[in-house]
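Below is one structure; the comments refer to it alone.
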Amino acid sequence: MKVTFNGRQREVAHVAELLPGRFFCGIGVCFGCVAEINGVPEVRACRHQLRDGDVIRTEERAQP
């Protein structure tokens, strides 16, 4: 999928490729993958099905 991650175009198959070094439970309970996706804050990215054109920001970057 072609996505925008923290302002940069990337091509990835899964959100885990964008967040190296983070622990992923894969079921949305650990909060290790929380990100803003398409303007929606606090999304458990591990449970989000990536689509072409998704805009993803880590929570640290999403806050003003």
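Keep in mind it's a predicted model, so treat the numbers as computed, not measured.
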For the student: nearest non-hydrogen atoms of [X] and [Y], plus distance:
X	Y	answer
Arg44	Val34	CD-CG2, 4.1 Å
Cys46	Cys33	N-SG, 3.2 Å
Gly53	Asn38	O-OD1, 4.2 Å
His48	Val43	CB-CG1, 4.4 Å
Thr58	Phe5	CG2-CZ, 3.7 Å

Thr4 and side chain to side chain donor-acceptor pair (under 3.5 Å): which single residue from Arg57, Gln9, Arg10 fits?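 The passing option is Gln9.
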Apply the side-chain contact (heavy atoms from CB on, under 4.5 Å) test between Val12 and each candidate in Asp54, Leu50, Ile56; give the one that qualifies.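 Testing each of Asp54, Leu50, Ile56 against Val12, the sole residue satisfying side-chain contact (heavy atoms from CB on, under 4.5 Å) is Leu50.
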Should Ile37 and Val15 count as side-chain neighbours, where that means a heavy-atom distance under 4.5 Å?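 They are not in contact (no side-chain heavy atoms under 4.5 Å apart), so the answer is no.
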When rounded to the nearest 0.5 angstrom, what is the spacing between CD in Gln49 and CE in Met1?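 These two atoms lie 7.0 Å from each other.
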